[in-house]
Amino acid sequence: MTEPLPYPLAPGPSIHHPSPQMTDLRGRCPVAPVVMPGDTPAYLVTRFADVRQVLVDPRFSRRAAGQAGAPAQELGELETDSLIGMDPPEHSRLRRLVSRAFTPRRVEQLRPRVAELVDELIDRMIGLPRPADLATLFSTPLPVQVISELLGIPEQDRHHAKQWSDAMMSDWRVDPVGTRAALDSFAALIAARRADPADDLITALIHAQEQEDKLTEHELVSMTVGVLIGGHETTTNLINMALLTLRRHPDQFALLKQDLSLIPAAVEELLRFIQLGDTGVMLPRITTEQVELSGVTLPAGTPVLAAFVTANRDPAVFPDPDRFDIRRTPNNHLGFGAGPHHCLGAPLARMELQEALRGLLTRMPDIEVAIPDEDLVFKQGLAVRCLTALPVTW
């Protein structure tokens, strides 16, 4: 057993590499003791099989992670009051209310609309001077528009909704007033939709307040916020990081351009390979009873950190795991998690990334990032890695 390490661990040498310490631990101490900020002891789990167990085993609780004495939260109220901070059966009840909007069948029905939006955004971008900012002109507005249409956010409010989302994703301890103002704005948006119902997800959730699976007003606001943030932040970052990853692997980029039928498989490999956050670690769980992982006994009440970035590069599951291979099969990665908290919007995110790549490679086949990785700038204070800009030429 290794001595407890200070967490977070030292970052990787680039945005494309996991922490070397974390990779080393996966081989020699896959369930490693660490000390989190505030001197909170925890365990870092790095192998695929163990990470998956943490995600699917009900003895590892997300709800307990929001209770007194748990590690400091990364997402403030959103972390404890939305789906990501709940356990079954409460989690199952609320998830069921929105899951019908994200079924594979429903998502496929949306594909033509997403392809249309992709073309509209590319039409605007190609008429501008080069380099143009892909983040502002394409990878941010595309998923914001899609999830806003699904929710029923009026067009005039979509820019504000993105600002509210950013406030909710920022450091809530630094600006609790801004976070509260964002929540109040979402509540006002719901009130407006209640007065003017339509065929959208917010109206459906409002209607659920009168049904058997009744929602409280607080749950309704939290669900709306969670769906909006989950429906665009990850996809925006995936589009940006996909282009950066492909730029770093020109042979695979060339192969994809030559054969667009590889796009679905390429998306799965991107989901496996990309590290979206600074640490590549899931939100903490707390053990509700004694559990054994890889021979290590974890007492009840132990915080556990699941490192999906090293799980997705575990050589026991993925041969030559550090090689980016858009033809990789099988590819049963944990990019969207697993178990009850498997990403609700995974089918939508997959489809949007597929259509984004299809549109960019068809309409702008010579697209390339105009600056080196070391000149990229990321927004500060966010729990996820978000670029301030991504200049591209074509």
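- Taking CZ of R47 as the reference point, atom CD of Q53 lies at 13.5 Å (rounded to 0.5 Å).
- Side-chain contact between T46 and P30: present, with at least one pair of heavy atoms (C-beta onward) separated by less than 4.5 Å.
- Residue pairs meeting the ring pair (Phe, Tyr, Trp, His ring centres under 6.0 Å) criterion with at least one member in residues 326-352, sequence neighbours excluded: H91-H341.
- For the salt bridge (charged side-chain N to carboxylate O under 4.0 Å, His left out) condition, the pairs that include at least one residue of residues 301-318, sequence neighbours left out, are R313-D322.
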What side-chain donor-acceptor pairs closer than 3.5 Å can you find for residues 114-122, not counting sequence neighbours?
from : atom 1 : to   : atom 2 : distance (Å)
E116 : OE1    : R113 : NH1    : 2.8
D119 : OD1    : R363 : NH1    : 3.0

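- Taking A49 as the reference, nothing meets the side chain to side chain contact (heavy atoms under 4.5 Å, CB included) condition, with sequence neighbours excluded.
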Tabulate below the donor-acceptor pairs under 3.5 Å that side-chain atoms of residues 293-303 make, not counting sequence neighbours, or state none.
from : atom 1 : to   : atom 2 : distance (Å)
S294 : OG     : D50  : OD1    : 3.2
S294 : OG     : D50  : OD2    : 2.5
T302 : OG1    : P299 : O      : 2.6

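- Between I239 and T140 there is no side-chain heavy-atom pair separated by less than 4.5 Å.
- For F186, the ring pair (Phe, Tyr, Trp, His ring centres under 6.0 Å) test picks out W164, with sequence neighbours left out.
- Under the ring pair (Phe, Tyr, Trp, His ring centres under 6.0 Å) criterion, the residue pairs touching residues 257-310 are H249-F273, F273-F324, with sequence neighbours excluded.
- For CZ of R323, the number of neighbouring non-hydrogen atoms (other residues, nucleotides, ligands) closer than 6.0 Å is greater than 12.
- The side-chain hydrogen bond (donor to acceptor under 3.5 Å, both in side chains) contacts involving residues 282-293 comprise nothing, where partners must be two or more places apart or lie in separate chains.
- Legend: residues meeting salt bridge (charged side-chain N to carboxylate O under 4.0 Å, His left out) with R350, ordered by chain and number and at least two apart, are E268.
- Taking the side-chain hydrogen bond (donor to acceptor under 3.5 Å, both in side chains) definition, one finds that T203 meets it with D200, sequence neighbours left out.
- Taking both residues in full, the closest heavy atoms of L256 and A266 are given as CD1-CB, 3.9 Å, listed atom of the first, atom of the second, then distance.
- A search for side-chain hydrogen bond (donor to acceptor under 3.5 Å, both in side chains) contacts involving S99 returns nothing, not counting sequence neighbours.
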Quick one: side chains of residues 9-20, donor-acceptor pairs under 3.5 Å with protein atoms, not counting sequence neighbours, listed by atom name and distance.
from : atom 1 : to   : atom 2 : distance (Å)
S14  : OG     : H16  : N      : 3.1
S14  : OG     : H17  : ND1    : 2.6
H16  : NE2    : D373 : OD2    : 2.9
S19  : OG     : A10  : O      : 2.7
S19  : OG     : Q21  : N      : 3.3
S19  : OG     : M22  : N      : 3.4

